[in-house]
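Shown next, in structure tokens, is the structure this report addresses.
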Amino acid sequence: MKEVSLNFEGLIYYIEDEEMKQMEPAVLAAHDMLEERTGAGRSMLGWKDLPERITEEEIAKIKVAADKIRTQAEVLVVIGTGGSYLGAKAVIDMLSDPLYNMQPNSKRNGPQVLFIGNNLSGKYLRSVIEYIEDKDVAINVISKSGTTLEPAIAFRILKLFMEEKYGISGAAERIYVTTDAEKGLLREIAIKEGYETFIIPHDVGGRYSVLSPVGLLPIAVAGINFEDILDGALFARHMFNVRKLEDNDCYKYAAARNILHRKGKDIEVMATYEPSLQYFIEWYKQLFGESEGKDGKGIFPAGVTFTADLHSMGQLLQDGKRNLFETVLNIDVDKSFIKVPEIENSRDNLDYIAGKTIAEINKVAEKATCMAHMEGGVPIIEINIKELNAYSVGQLIFFFEKACAISGYMLGVNPFDQPGVEEYKRRMREMLKRD
Ligand code: PA5
């Protein structure tokens, strides 16, 4: 069933129906480049097929490893950066209890999941090591290239920690490696040490890899039904492959952002009213930032979590430079049912909302903010998600991956490479070798 849809009411002042229709040839050209594999980066289109390419054996292997980790560890430490951690973190945050990691073992649906190797903070790493010292631990180190500095440093330290704690063979029982099938130092280490390995397909780039073992293993360890995510993505793969602009919400979204961009809107602000989507927005930022930002082009992907950010970014959004548009991730159903209590003679002036659920009030905040921002000159795209569950999250992931590919081709860039990322790495290596 379709769980993800679009609402363009917030664009009425900004995009005419006719302008949208005029985008159809460009959208269909992008569709054909993807389908016929004639566009830039054509060797990196494996992400499109992940939901149907995964075999029964691969699913079983992930389940067996996840079950083993769930029995052997109180904490799973995931080592990876960029596309090698953001998807898993986003999905676990969206589909688990907001205080998942803080719950006692008896209440939690799996081990705690901690992410390291995505920064160079000694303070953070020290703190994680001290935290896991007296706990049972498993590690999933994820790096396609096997050479990325941040996860490589974290893994060197954690490998030693595990070997000191469990012995070399005991550590090998608890270290799981996700990397390229053939290339890379991480594969060499995994073979030498006898670690269990999972493959990142050679034709899937990091930021498009959440539906491969990169995302699926940590997600499964957290007790989330990853097959439902794959089912949702598979449905989306068909639904968002329709070669007709007016019948394809994913293509309409890609077209709308490109029209707005041509009209001087250089920033897309992805907004959520649900804090558990914060990392989904981080994932979106990486997906679009690395895919579109090149050759002097690109829409800057930003993110806000409302209502918190209404008290920090609200002023700028309402009243600042009109070079942005807002994309709101609207979740229709919130089943938390927590209410503002009715209290007699209360002096807090809240009687006018007594009896309403927080979810109802949040919805009103969302409607009121959209109206205010629209009137303030901000075009608004609304992406509706019926309810947050594994199946709808699968659809949402595929929706954005496909939209990003189409939007990137429409912009005239290769959405599947990231040559710019190498620049800082080269300089950093030079400086470290020089010191
Ligand atoms: O999208 C990408 O390719 C990157 O963001 C990578 O995911 C990130 O740099 C990590 O790379 P690796 O998995 O090779 O360590």
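Counting convention: from 1, in listed order, for ligands and their atoms alike.
Considering backbone and side-chain N/O atoms, K425 never comes within less than 3.5 Å of an N/O atom of ligand 1.
Counting protein heavy atoms only, atom 4 (C) of ligand 1 is closest to E290 OE1, 3.4 Å. Ranking the protein heavy atoms by distance from atom 11 (O) of ligand 1 puts T148 OG1, 3.5 Å first. Among all protein heavy atoms, the one lying closest to atom 5 (O) of ligand 1 is Q286 NE2, 2.4 Å. The protein non-hydrogen atom at the shortest distance from atom 7 (O) of ligand 1 is G83 N, 2.9 Å. Among all non-hydrogen protein atoms, the one lying nearest atom 3 (O) of ligand 1 is G206 N, 3.4 Å. Nearest non-hydrogen protein atom to atom 8 (C) of ligand 1 is T81 O, 3.7 Å.
Between the D180 side chain and the K183 main chain, a donor and an acceptor come within less than 3.5 Å of each other.
Here the rule is side-chain hydrogen bond (donor to acceptor under 3.5 Å, both in side chains) with E268, and of H261, R257, K285 only R257 fits it. With respect to D319, the side-chain hydrogen bond (donor to acceptor under 3.5 Å, both in side chains) criterion is satisfied by exactly one of R322, Q315, K321: Q315.
Put simply, atom 14 (O) of ligand 1 has protein non-hydrogen atoms near it, under 4.0 Å away.
Taking every non-hydrogen atom of Q418 and a distance limit under 4.0 Å, the qualifying atoms of ligand 1 come out as 3 (O). Close approach of ligand 1 to K144 is summarised as follows: ligand atoms under 4.0 Å from at least one heavy atom of the residue are 12 (P), 13 (O), 14 (O).
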